[in-house]
Protein chains: 2
Amino acid sequence: MDHVIDVLKDKISGEVVFSENPGKALRKWRRIFEVSQRELADKMGVSPSVISDYESDRRKSPGINFIRKVITALFEIDKSRGYKTISKYRELISGVNLDVIIDMKEYSRPLRFEEFLDVVNGRALVKTDRVVGGYTIIDSIKAILTLNAYDFYKLYGYTSERALIFTKVTTGRSPMVAVRVANLKPSVVVLHGLERVDEIAVKIAEMDNVGLVVTNLRIEELIDRLRGVE
Amino acid sequence: MDHVIDVLKDKISGEVVFSENPGKALRKWRRIFEVSQRELADKMGVSPSVISDYESDRRKSPGINFIRKVITALFEIDKSRGYKTISKYRELISGVNLDVIIDMKEYSRPLRFEEFLDVVNGRALVKTDRVVGGYTIIDSIKAILTLNAYDFYKLYGYTSERALIFTKVTTGRSPMVAVRVANLKPSVVVLHGLERVDEIAVKIAEMDNVGLVVTNLRIEELIDRLRGVE
DNA sequence: AATTTGTTACGACTATTGACGAAAAAAGGA
DNA sequence: TCCTTTTTTCGTCAATAGTCGTAACAAATT
């Protein structure tokens, strides 16, 4: 567990340090840990208005002591709750064969479906009113060869409101079936590199309220555009 | 490469944020990237004495803007050198089955052999004057089943002056042979949980100037002690 | 030994952080 | 709708960060 904790601490630290809006990133993580500002403030020994000031980006360049205290407090609170949140990421961090994941990223603000559609230069087969909080790009061929339905869970980033992007797809049925069997609930599934979409894939997306998008951007450009968001 | 860059940025950020001596951590990484204070200062658009002040921990809680500028500058410099340093970590980050690694950590200051010996409560079979800059704890049984000689290289952390700790060892010969075949050069090899050490293992350690240590601490206690350093 | 390169120590000063509390606003529940 | 809880806004101030330049020190090279 210590290794998982270290990796997650690094991840949060890095995200805050490199964020245009460090306070917003802190707020995102506090919400992921399901901690109120009050509880966090109490744990850190400061006033709740301090938390609010930081999260609203009143401080443009918070010192690392503050960042460390926030993260440490969040982890201590989660520990007192039996590692409720951290345990969700344990298997993600330790068991994924990262060759399957081409790229993965969390956005600091959710994207509306239409905005996301524009980013990936995609055509919508099934629309959704759900938002996109991040994405995972998956090499479908490698995933099929190495992953079972359970392992799809590990492909998730840190929120479920995200886009799963399957590359090297022929009809799109296998990815959608896997998503359904594993009971995953991404906001959007993007199918990349196929000519005709299997109608079963479309039906699954409709039944599960998952946006379905196809795109033929080159993978490199797709990554550039997805990373260029925000 | 972008994924590798992100993970490494997170790693450095996390290490600085959680370090008792953030300046020392920054210095460590600047040296790993083989960048002079002058070059870094020029890249950041500040005076070299600024770098020196930070690295000597004159600033107890540097703001994240500064941290970000340091890391960004180091990466840009490395990029201009053809990713000379970052490429060393590419395969480490993307290809390791992390189930094999029980724990791994970098120390912000090198430990002398005697000090390290005390930490692991070990008995020295072969001594060395080399220092220990970090450690990797490896599950030997899993490593044997899944790794070939080349993959041992991936088990390294960020410096070669480190300790490789093999757990669940029967005689110690296989780990030492693997270390030799892969031409690895750890400072110290720790063999854990064996009753008698194979004399070939001892000979290899002597020939390669690798300290050889045995310990019978429980794994949990071993990890606690190793993590408790500093 | 002299020179060059790299680094350190420190005084100084402006800008910003870190933190508080009070009042207002927003959110959630009965 | 009312009440409670949570969060936000903002003025304020002491402490510290961010940065400079200078002199000194240390290491490497000629």
Side-chain angles (χ1 to χ4, degrees), chain A residues 12-13 16-74 77-78 81 85 108-110 131, chain B residues 12-13 15-74 77-78 80-81 85 108-110 131:
Chain A
I12 299 172
S13 301
V16 172
V17 167
F18 284 90
S19 174
E20 296 274 344
N21 305 101
K24 293 291 186 300
L26 287 172
R27 173 173 293 176
K28 186 189 91 170
W29 282 101
R30 176 177 62 79
R31 285 177 173 163
I32 285 173
F33 278 86
E34 297 177 335
V35 176
S36 70
Q37 287 184 346
R38 175 61 149 294
E39 191 179 2
L40 179 58
D42 289 347
K43 194 71 180 178
M44 290 171 66
V46 299
S47 145
S49 62
V50 169
I51 305 297
S52 180
D53 280 341
Y54 275 87
E55 292 190 353
S56 59
D57 285 308
R58 192 181 188 207
R59 305 303 175 205
K60 302 304 176 190
S61 178
I64 61 172
N65 279 351
F66 185 81
I67 307 296
R68 178 171 63 240
K69 284 198 291 188
V70 171
I71 298 173
T72 301
L74 289 176
I77 291 169
D78 201 59
R81 297 176 178 177
T85 298
S108 54
R109 66 171 176 95
V131 295
Chain B
I12 300 172
S13 301
E15 191 172 313
V16 173
V17 167
F18 284 90
S19 173
E20 298 274 346
N21 305 100
K24 294 291 187 300
L26 287 172
R27 174 174 293 176
K28 185 189 95 171
W29 282 102
R30 176 177 62 79
R31 284 176 173 164
I32 286 172
F33 278 86
E34 296 177 333
V35 176
S36 70
Q37 289 185 345
R38 176 60 150 295
E39 193 178 0
L40 179 58
D42 288 346
K43 195 73 183 181
M44 292 170 66
V46 299
S47 146
S49 61
V50 170
I51 305 296
S52 177
D53 281 340
Y54 276 87
E55 292 188 349
S56 58
D57 286 305
R58 193 184 185 202
R59 304 304 173 202
K60 302 302 179 189
S61 178
I64 60 172
N65 280 352
F66 186 81
I67 307 295
R68 178 169 64 240
K69 283 198 290 187
V70 171
I71 298 173
T72 301
L74 288 177
I77 290 170
D78 202 58
S80 70
R81 298 177 181 176
T85 299
S108 54
R109 67 173 176 94
V131 295

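Every chain is numbered from 1 and lettered A, B, ... according to where its sequence line falls, protein lines coming before strand lines.
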- Would a 4.5 Å heavy-atom cut-off, applied to side chains only, mark I12(A) and I67(A) as touching?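 Answer no - side chains too far apart.
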- Message: Do V17(A) and P22(A) have side chains that approach each other closer than 4.5 Å (heavy atoms only, starting at C-beta)?
- Response: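 Contact flag for V17(A)/P22(A) side chains = no.
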- Task: Taking only the side-chain heavy atoms of F66(A) (C-beta and beyond), determine which of dT7(D), dA19(C), dT17(C) contains the nearest atom.
- Result: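 The nucleotide sitting nearest to the side chain is dA19(C).
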- Message: Of the options dC10(D), dC20(D), dA19(C), whose atoms approach the side-chain atoms of D53(A) most closely?
- Response: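 Looking only at heavy atoms from C-beta outward on D53(A), the closest nucleotide is dC10(D).
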Is the distance from OP1 or OP2 of [N] to the nearest side-chain N or O of [X] less than 4.0 Å?
X	N	answer
S52(A)	dT8(D)	yes
Q37(B)	dT8(C)	yes
K69(A)	dA19(C)	yes
R59(A)	dT16(D)	no

Round to the nearest Å and state the distance from [X] atom [atom1] to [N] atom [atom2].
X	N	atom1	atom2	value
L26(A)	dG18(C)	CG	C1'	14 Å
E55(B)	dT8(C)	CD	C1'	11 Å
Y54(A)	dC10(D)	OH	P	18 Å
N65(B)	dT17(C)	CG	P	8 Å
R38(A)	dT4(D)	CZ	P	15 Å
R31(B)	dA27(D)	CZ	C1'	12 Å
D42(A)	dA19(C)	CG	P	14 Å
D57(B)	dG18(D)	CG	P	13 Å

- Item | 5' priority, DNA chain C, between P48(B) and P48(A) [closest heavy atom] |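 Closer to the 5' end of DNA chain C: P48(B).
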- Taking for each residue the nucleotide of DNA chain C bearing the nearest heavy atom, is the 5' side occupied by I51(B) or by S61(B)?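 First, find each residue's nearest nucleotide; the 5'-ward one identifies I51(B).
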- Message: Main chain of T85(A), side chain of D78(A): is a donor-acceptor contact present, judged purely on distance under 3.5 Å?
- Response: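 Between the backbone of T85(A) and the side chain of D78(A) there is a qualifying donor-acceptor contact (under 3.5 Å).
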- Backbone of A25(B) reached by a side-chain donor or acceptor of S19(B) within 3.5 Å: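 No; zero donor-acceptor contacts below 3.5 Å.
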- Find which nucleotide of DNA chain D each of K60(B) and G45(B) is nearest to by heavy atoms, and output the residue with the more 5' nucleotide.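 Looking at DNA chain D, the more 5' nearest nucleotide goes with K60(B).
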- Item | Pair of N/O donor and acceptor under 3.5 Å linking dT7(D) base with R27(A) side chain |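 Per atom types, no contact qualifies.
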- Query: With a 3.5 Å cut-off and just heavy-atom distances, do the side chain of R58(B) and the base of dG11(C) make a donor-acceptor pair?
  - Reply: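 Present.
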- Task: Assign S49(B) to base, sugar-phosphate, or nothing according to its heavy-atom contacts below 4.0 angstrom with the strands shown.
- Result: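 Result for S49(B) = base.
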- Message: Take a 6.0 Å sphere around CZ of R81(A) and say whether it holds more than 12 heavy atoms from other residues, nucleotides or ligands.
- Response: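 Buried by this count: over 12 neighbours within 6.0 Å.
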